[in-house]
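Written out below as structure tokens is the structure these notes cover.
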Amino acid sequence: MDYINELNNSQRDAVLNIEGPCLVIAGAGSGKTRVLTYRIAHLIKQHNKDPFSILALTFTNKASNEMKERIEKVVGTDARNLWMGTFHSIFSRILRSEGSRIGYPSNFTIYDTKDSKSLIKSIVKEQGFDSKLYKENYVYNRISNAKNKLISCNEYLKNKIIQNEDASSLRPKIGIIYKKYVDRCFKSQAMDFDDLLFNTNTLFKEHTDILNKYQQLFKYVLIDEFQDTNFSQYLITKKLSSVGRNICVVGDDAQSIYAFRGADINNILNFEKDYPELQIIKLEQNYRSTKNIVGAANSVIEKNRSKISKKIWTDNHVGELISIKKSYSDNQEGKMVASLIFEEKNKKQLSNSNFAVLYRTNSQSRAIEESLRRIGINYKVYGSLSFYQRKEVKDIIAYLRFVANQNDEQSLRRIINLPRRGIGKTTIEKIILISNEKNIRLWDVLLNIKKYFNPRVSGAVGKFTDLIKGFILFVENNDVYASASHIASISGLMKELYNDKTIEGLNRYENVQELLNSIKEHIDNSSDRKDISIDSFLQEISLLTDQDTDNDESGEEYISLMTVHMAKGLEFHVVFVVGMEEDLFPSQMMLSSRKDLEEERRLFYVAITRSMRKLYLTYSNTRYRYGILKECQPSRFIEEIDKKYTENMVFGSSKANFAKNLIQKNQKEIDSHRKLRHVPSENFHRSEINNLKEGMKVEHQKFGYGSIQKLDINSHQQKAIVNFKLVGKKTLLLSFAKLRIVS
DNA sequence: TTTCTGTACTAATCA
DNA sequence: AGTACAGAAA
């Protein structure tokens, strides 16, 4: 019971009142994690609740691991029996054991975002839709949003409002793509990330016996970062806790920054309607930051209209003022930050791990990295390409995935011609077409390849299926590690990487070695016999992200460089928020509506409140964006901070013209570039080949305007000789060249 | 079918 | 600036 004394009054309320629904509004730095962990520990230790009956959901593996560790410190190894993890990991666990009821095997594959997008892309292509209009990013987000709102593809097609939206964005076919996409995922026995939640809802809706089972099991439900839940997550937890009604959610509406991926702030605002007997506890004392920082943060968030009223305050020192610093270029900004870090380190005797540099977009890290490297300060960039996303790693995993599940279309596409074995794009597309038309498994098309293809192709495919058959046999009698090593070498992937002696090649080879090592580690650490199977390994990694794998053995301390989004939940003594410029932070894409701007402001609020003792805000007059130098204005957010908390520090003005010159020079280069190139007219479209006549004036997208000298339509390859103004005579193949008739 | 080259595009992020 | 990919050539 020692831990009770570490808590203030409202924290104690939140920990001790274990019965009934409870909403904890936890301001930044108010000890939210402490409350959650102690509440769980209290349930187990004081009230003798069975850890198996407690469900605790978080958004990141990191958060759940951290909490588990802290609970274990209080209650011991009992903590390991908690149902604690991310939404996705907990519900994929349930789906693996109950999924057969909705037609999935227990070893279903999980598609990551890249798999999903590439599947969408191929569907768009197969359907003959315009790939410019139906870009996979756009379609993916549309589908993802629908799933998060629990709108199935059939409902999507029926829903008038949605159909109107798609029609007015000139993309009426999205519903059809959605339907095809769902079919193909199911056929591949695969779920994407959203399916893990969507299908859990389906399971609970259609099979009440299963719902009842878990309602009985989970006597206590706790949710972290509740402001980030989407409708799908909200409904699952509502259903699960509707019997015991012991649901405790913790969140902060001011830190809701994930609306773009479906998070719905109304979940927090409407929670009271669902549970009239709700107890609301506000944690308003900030233990993290100085008075200046808390005051500044409050003065910013006040500008938002929609919020739950609360007064965050602190007992901490007043502390230093917030420094606002201007520079003339992104590179100079980097240098300035590096030298300020150097000074602060010496002045306050801080170590690298006390510093963080936060930015709005990942691309801003480059300039900072460069100057830190030059000055010799260790740093670590978070959120670059994740280990499991690397091509060479994904390749090996695709082999494992296909060996485990021969219906997995995305893995098949990846490995069938890797390393090269003479099976090209067209063949793969045909195979998938046959599988869809005849409604048979991919693997059955491959096994009966001679029925459908000529000897050359079926020979190549035959070699591939023999290879996979061998792997399937091998896997039955060996653990994952042996299997992965076997596959890596027999497939020829290892050899190909080994022969690549470039620096990148060496790197890739090392990455594969590292993957094999991590698999070895996985089976060495597992106590259970079944943990050494391929399935178990694939399940483990499919829900891992980059931050979960960063094990630091070097013991060296480093400065953290990351986006503001990634910094949520973290704290540092000294924080730099760089690139405080209009159109960057707030992002130009978030200026169109109050709702978007308010989310952007909350993001800034998150950035400010990461800092414990000292905060720097920096901006630059000029910045390279997409390879072009742009002039920048300071961010409106700087103005929004109450002046009594800030000090302005401007660097000398001797270089005032420096920026202007740079911009002029840059503009000249762009202009000269433009002159050499034909810019296609706005209404450019391809004219019907049959309408082309000799002597006509035509436009070509690249070569510009010209006249047709000669047409050759009769031979099997239709050609035209065109005399262009810009580039002279060209012979064009009409099956390729797009020509627009001008007159 | 494979390899090479020019072009188009570009947030944020978790699972 | 950097990358992913479509189109053209081999």
Side-chain angles (χ1 to χ4, degrees), chain A residues 57-64 85-93 110-114 116-118 121 125 131-132 135-138 141 144 147-148 191-198 200 225 228-230 232-233 257-263 330 358-364 366-367 382-383 385-386 388 391 417 419-428 456-457 460 539 541-548 562-569 579 583-590 596 599-600 602-604 606-607 623-629 677 680 701-702 732-733 735-738:
Chain A
L57 297 166
T58 64
F59 274 82
T60 62
N61 293 309
K62 200 177 169 192
S64 100
T86 62
F87 276 91
H88 292 83
S89 74
I90 295 287
F91 295 119
S92 75
R93 191 169 147 193
I110 295 177
Y111 276 175
D112 67 21
T113 316
K114 270 191 183 162
S116 302
K117 286 181 183 169
S118 105
K121 198 166 181 189
K125 207 174 161 193
S131 61
K132 289 248 161 56
K135 279 192 281 190
E136 61 268 28
N137 269 326
Y138 186 92
N141 285 330
S144 172
K147 282 186 181 173
N148 287 334
M191 296 192 197
D192 66 17
F193 289 134
D194 302 317
D195 286 335
L196 294 175
L197 306 168
F198 187 94
T200 304
E225 306 276 13
D228 289 339
T229 49
N230 56 41
S232 179
Q233 291 163 323
I257 53 176
Y258 286 112
F260 68 88
R261 65 172 201 224
D330 40 8
L358 310 181
Y359 33 77
R360 180 65 236 261
T361 65
N362 276 313
S363 58
Q364 290 168 254
R366 208 211 75 249
Y382 288 81
L385 197 60
S386 135
Y388 291 104
K391 186 189 172 301
N417 199 29
R420 298 257 137 83
R421 43 176 81 91
I423 309 173
K425 260 186 286 186
T426 12
T427 310
I428 299 172
R456 193 173 56 85
V457 175
Q539 283 162 31
I541 60 162
S542 58
L543 296 173
L544 278 186
T545 59
D546 202 26
Q547 300 105 67
D548 309 322
M562 62 181 91
T563 60
V564 183
H565 280 94
M566 286 215 102
K568 190 163 143 205
D583 292 347
L584 184 59
F585 197 4
S587 159
Q588 62 198 1
M589 294 161 125
M590 295 291 261
D596 285 350
E599 170 144 329
E600 202 74 357
R602 289 193 294 269
L603 188 60
F604 183 49
V606 169
R623 181 176 299 278
Y624 274 96
R625 294 187 76 185
Y626 307 136
I628 291 170
L629 194 68
R677 193 163 299 183
Q701 275 178 305
K702 201 162 77 181
L732 302 168
L733 282 177
S735 56
F736 291 118
K738 292 174 187 144

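Lettering of chains follows the sequences in order, A, B, ..., and the numbering in each one begins at 1. Please read these numbers as outputs of a predicted model, since none were measured by experiment.
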Separation of [N] [atom2] from [X] [atom1] (nearest whole Å):
X	N	atom1	atom2	result
K117(A)	dT10(B)	NZ	P	12 Å
Y138(A)	dA8(B)	OH	C1'	20 Å
L57(A)	dA15(B)	CG	P	13 Å
Q539(A)	dA15(B)	CD	P	17 Å
D195(A)	dA15(B)	CG	P	17 Å
I257(A)	dA12(B)	CD1	C1'	8 Å
Y359(A)	dT13(B)	OH	P	9 Å
D194(A)	dA15(B)	CG	C1'	9 Å

Can you check whether [X] reaches [Y] side chain to side chain, under 4.5 Å on heavy atoms?
X	Y	value
T229(A)	F59(A)	yes
F91(A)	L57(A)	yes
L603(A)	F585(A)	yes
S587(A)	E600(A)	yes

Base, sugar-phosphate, or nothing for [X], non-hydrogen atoms under 4.0 angstrom?
X	result
S542(A)	nothing
R625(A)	nothing
F260(A)	base

| said: Could you check whether D583(A) pairs with R623(A) (Lys NZ or Arg NE/NH1/NH2 to Asp/Glu carboxylate O, under 4.0 Å)? | reply: no
Is any side-chain N or O of [X] closer than 4.0 Å to OP1 or OP2 of [N]?
X	N	result
N61(A)	dA15(B)	yes
N230(A)	dC14(B)	no
K135(A)	dT10(B)	yes
Y382(A)	dC14(B)	no
K121(A)	dA6(C)	yes
N417(A)	dT2(B)	yes

| query | So, for N61(A) and L543(A), which heavy atoms are closest and what is the spacing to 0.1 Å? | reply | ND2-O, 3.1 Å
Heavy atoms from C-beta onward define the side chain here; which of [options] lies closest to that of [X]?
X	options	answer
H88(A)	dT10(B), dC5(C), dA15(B)	dA15(B)
T86(A)	dA15(B), dA12(B), dT3(B)	dA15(B)
Y626(A)	dC14(B), dA12(B), dA1(C)	dA1(C)
E136(A)	dC14(B), dA12(B), dC5(C)	dC5(C)
L543(A)	dA11(B), dT3(B), dA15(B)	dA15(B)

| 5' precedence on DNA chain B between G424(A) and E599(A) (nearest-nucleotide basis) | G424(A)
| Side-chain donor or acceptor of S89(A) under 3.5 Å from a matching atom on the base of dA15(B)? | no
